[in-house]
Colleague: 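The following block contains the structure, expressed as C-alpha cells.
Keep in mind that the numbers below use all heavy atoms, side chains included, and drop hydrogens, waters and symmetry copies. As the structure lists them, so they are numbered: ligands from 1, and atoms in each ligand from 1. Please read all numbers here as calculations on a predicted model, not as lab measurements.
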Amino acid sequence: MTDDIAATFEPRVFSGVQPTGNLHLGNYLGAIVKFVALQETHPCVYCVVDMHAITVFQDPAELQKSIREVTAAFLAAGIDPKTQIVFNQSRVHQHAELAWVFNCIARLGWMNRMTQFKEKAGKDRENASLGLYAYPSLMAADILLYKATHVPVGEDQKQHLELTRDIAQKFDNDYRDRIAELGFGPRFFPLPEPIIQGPATRVMSLRDGTKKMSKSDPSDLSRINLADDRDTLAQKLRKAKTDPEPLPSEVEGLSGRPEAENLVGIYAALAGTSAAAVLGEYGGSQFSTFKASLTDLAVEKLGPVGAEMKRLAADPAYIDGVLASGAERARVIAEPVMTAVKDVVGFLR
Ligand code: AMP
Ligand code: TRP
C-alpha cells in the first residue's frame, strides 16, 4: 500500500548529513556509498544539514569548515554535483518554514518517543535545546519539501523516517478537503521509504561492538575517519577489540560476537560483497590475518576518497560554487511546494 502511494509521485531521493566534526566509516558505508549508487537510477538531492548541526552548539568557524568538509566528502565519494543537487540546508529558507508547519502537525507524544533525542539529551534533559527536541520535524520538512520518495540512511534514522511518514499522513488527513478543493490531491505528500540495506547499516565502535561508531565518541580509536592516513587506519584496526576465537565459517557463528560481526560487516561493505562470502574466505582465520587484509582493503577503498577530500579542501571557492548552484536548483523545487503548503494551510500570501 505504501508502495502504491510512493508510486503516484515521481521517484526522488533525498538525504542529509550533519556538518559536525569528522566524517567516519559509519557515515560513509551507512549513507554516502548509497548516495553515490542511487544517482545512477534516481534524481537525488543531498543536503549538508547545517540547521540540524546547531541543535547542539557549534563553533561558527568550525561549522563553516565542516560544511565544506562534508560537501568535499560527497564529491570525493563520487556524487556528481552537475547532475544531482548538493547544497547546505540554511540556504533554502523553505526548510525552516515547512518545519514550523510540521511542528504544528507533530504531536508531543510522537516526539517524546524519539530515542535519538533521549540519547543526545542524556540525563540533563532540561538543558537540551528546543531545537534538538524538534529536530525530527525539521528532518521531515527536509524530505517532504522535495516530495522525496526514497531516503538512504543508516539504521539509526529509521525511527525518524517513521515519524516523517506519520507527519505526511497527518498533514494529508487534517487538510484532506482543502487539498482536494485546491486540486492537489489525492495525496499532497508521498510516504517516503527509508533505504537501509546491506552489511553496514549500523557500523559499530572499534572499541566496543555494542556501541555505534559515532562522531561524538571521545576516543578517536573508536572510529575510522575518512581523512585518516594509512598508518592511523592500520593502528586503529590493529587495536580494534576482538575476541580470542578464530573467525567462524558461517554467519550464524557471529552471533554473540559483536566485534567480529562488525569487522566482517565492514569488510563485506568495503568489498561490495556479503558477510557470508567474507566468512567463506576467512572462516577459521585468526584476527591478526583478517585485520591485515581488512587494512589493505580499507586503504585501497578509502585512500583515494581521503586524498580527493584533501585536494578539494585546498579549493574552497570551488566547494562554495557547488553549494550556491545546488541551492539555486533546490529552491526551484522547494518554492512551489512551500507556496502550495501555504495555500493548503490557509495563509494569505
Ligand atoms: P550524521 O552524521 O548523524 O548526520 O549521519 C549521517 C548519515 O550517516 C545518516 O544516514 C546516519 O544514519 C549514518 N550513520 C551515522 N553513523 C552511522 C553508523 N555508525 N553506521 C551506519 N550509518 C551511520
Ligand atoms: N538526522 C540525520 C542524521 O543525523 C540527518 C538528516 C537531516 C537527514 N535531515 C535529513 C537524513 C533528511 C535523511 C533525510 O543522520
Colleague: Starting from atom 7 (C) of ligand 1, locate the nearest protein heavy atom and write down its residue, its atom name and how far away it is, to 0.1 Å.
Modeller: Ala31 CB, 3.7 Å
Colleague: If hydrophobic clusters are built by linking Ile, Leu, Val, Met, Phe, Trp and Tyr wherever their side-chain heavy atoms come under 4.5 Å apart, do Val92 and Val13 end up in the same one?
Modeller: no
Colleague: I'd like to check which ligand 2 atoms, numbered from 1 as shown, lie under 4.0 Å from a non-hydrogen atom of Ser15.
Modeller: 11 (C), 13 (C), 14 (C)
Colleague: Report yes if some N/O of Tyr135 lies less than 3.5 Å from some N/O of ligand 2; otherwise report no.
Modeller: yes
Colleague: What part of Leu138 sits under 4.0 Å from ligand 2 if we count only heavy atoms: the side chain, the backbone, both or neither?
Modeller: neither
Colleague: Among all protein heavy atoms in this structure, tell me which lies nearest to atom 3 (O) of ligand 1, with the distance rounded to 0.1 Å.
Modeller: Gln18 NE2, 3.5 Å
Colleague: On a heavy-atom basis, I'd like to know which of Leu29, Asp156, Asn27 is closest to atom 6 (C) of ligand 1.
Modeller: Asn27
Colleague: Any atoms of ligand 1 less than 4.0 Å from a non-hydrogen atom of Gln157? List them with their elements.
Modeller: 12 (O)
Colleague: Can you classify the ring geometry of Phe87 versus Phe14 as parallel (below 30°), tilted (30 to 60°) or perpendicular (above 60°)?
Modeller: perpendicular
Colleague: Near Arg202, which atoms of ligand 1 are under 4.0 Å from a heavy atom of that residue?
Modeller: 20 (N), 21 (C)
Colleague: Ile143 heavy atoms, cut-off 4.0 Å: which ligand 2 atoms fall inside?
Modeller: 12 (C), 14 (C)
Colleague: Take Asp343 and Arg178 through the test salt bridge (charged side-chain N to carboxylate O under 4.0 Å, His left out) and record every step on the way to the result.
Modeller: CA-CA 9 Å; Asp343 290 345; Arg178 179 83 174 165; 6.0 Å; no
Colleague: Which atoms of ligand 2 sit under 4.0 Å from any heavy atom of Phe14?
Modeller: 12 (C), 14 (C)
Colleague: Judged by atom type as modelled, is there a donor-acceptor pair below 3.5 Å linking the side chain of Glu155 to the main-chain atoms of Thr201?
Modeller: no
Colleague: Among protein heavy atoms, which sits nearest to atom 20 (N) of ligand 1, and what does the distance come to when rounded to 0.1 Å?
Modeller: Val203 N, 2.8 Å
Colleague: Write out the residue and atom name of the closest protein heavy atom to atom 16 (N) of ligand 1, then the distance separating them to 0.1 Å.
Modeller: His24 CE1, 3.5 Å
Colleague: Is Gly30 close to ligand 1, meaning an N/O of one under 3.5 Å from an N/O of the other?
Modeller: no
Colleague: Side chain, backbone, both or neither: which part of Val153 has a heavy atom under 4.0 Å from ligand 2?
Modeller: side chain
Colleague: Between Asn225 and Asp220, do the side chains contain an N or O donor and an N or O acceptor separated by less than 3.5 Å?
Modeller: yes
Colleague: With heavy-atom distances below 4.0 Å as the criterion, list the atoms of ligand 2 near Val49.
Modeller: 7 (C), 9 (N)
Colleague: Among protein heavy atoms, which sits nearest to atom 22 (N) of ligand 1, and what does the distance come to when rounded to 0.1 Å?
Modeller: Gly26 O, 3.2 Å
Colleague: When you compare ligand 1 with Met213, is there at least one nitrogen or oxygen pair between them that comes in under 3.5 angstrom?
Modeller: yes
Colleague: Contact between His52 and ligand 1, counting heavy atoms under 4.0 Å?
Modeller: no
Colleague: Has the side chain of Ser129 got a donor or acceptor atom that lies under 3.5 Å from a matching backbone atom of Thr55?
Modeller: yes
Colleague: With respect to His160, determine whether any N or O atom, backbone or side chain, lies less than 3.5 Å from an N or O atom of ligand 2.
Modeller: no
Colleague: I need the atoms of ligand 2 closer than 4.0 Å to a non-hydrogen atom of Gln157, numbered in the order shown.
Modeller: 1 (N), 2 (C), 3 (C), 4 (O), 15 (O)
Colleague: Determine whether a donor-acceptor pair (N or O, by modelled atom type, separation under 3.5 Å) exists between the side chain of Arg91 and the backbone of Ala330.
Modeller: no
Colleague: What protein heavy atom lies closest to atom 21 (C) of ligand 1? Include the residue and the distance to one decimal.
Modeller: Thr201 O, 3.2 Å
Colleague: Does ligand 1 come near enough to Lys212 that some N or O of the ligand is less than 3.5 Å from an N or O of the residue?
Modeller: no
Colleague: Could you tell me how the ring of Tyr175 sits relative to the ring of Phe171: parallel (under 30°), tilted (30 to 60°) or perpendicular (over 60°)?
Modeller: tilted
Colleague: Distance-only, no hydrogens or angles: does the Lys212 side chain make a donor-acceptor pair with backbone N or O of Arg202 under 3.5 Å?
Modeller: no
Colleague: With hydrophobic residues grouped by side-chain heavy-atom distances under 4.5 Å, do Leu206 and Leu221 end up in a single group?
Modeller: no
Colleague: Please state which part of Val151 comes within less than 4.0 Å of ligand 2, counting heavy atoms only: side chain, backbone, both or neither.
Modeller: side chain
Colleague: Which word best sums up how the rings of Phe35 and Tyr46 line up, parallel for under 30°, tilted for 30 to 60°, or perpendicular for over 60°?
Modeller: parallel
Colleague: I need the atoms of ligand 2 closer than 4.0 Å to a non-hydrogen atom of Gln18, numbered in the order shown.
Modeller: 4 (O)
Colleague: Nearest protein heavy-atom contact for atom 10 (O) of ligand 1: which residue, which atom, what distance?
Modeller: Gly154 N, 3.2 Å
Colleague: Test of understanding: clusters of I, L, V, M, F, W, Y form through side-chain heavy atoms closer than 4.5 Å, transitively. Do Leu25 and Val17 belong to the same one?
Modeller: yes
Colleague: Take Phe102 and His95 through the ring pair (Phe, Tyr, Trp, His ring centres under 6.0 Å) test and state the conclusion after the steps.
Modeller: CA-CA 10 Å; Phe102 286 173; His95 288 254; over 10 Å; no
Colleague: For ligand 1, which atoms sit closer than 4.0 Å to a heavy atom of Val153?
Modeller: 10 (O)
Colleague: If you measure every N or O of Lys215 against every N or O of ligand 1, does any of those distances drop under 3.5 Å?
Modeller: yes
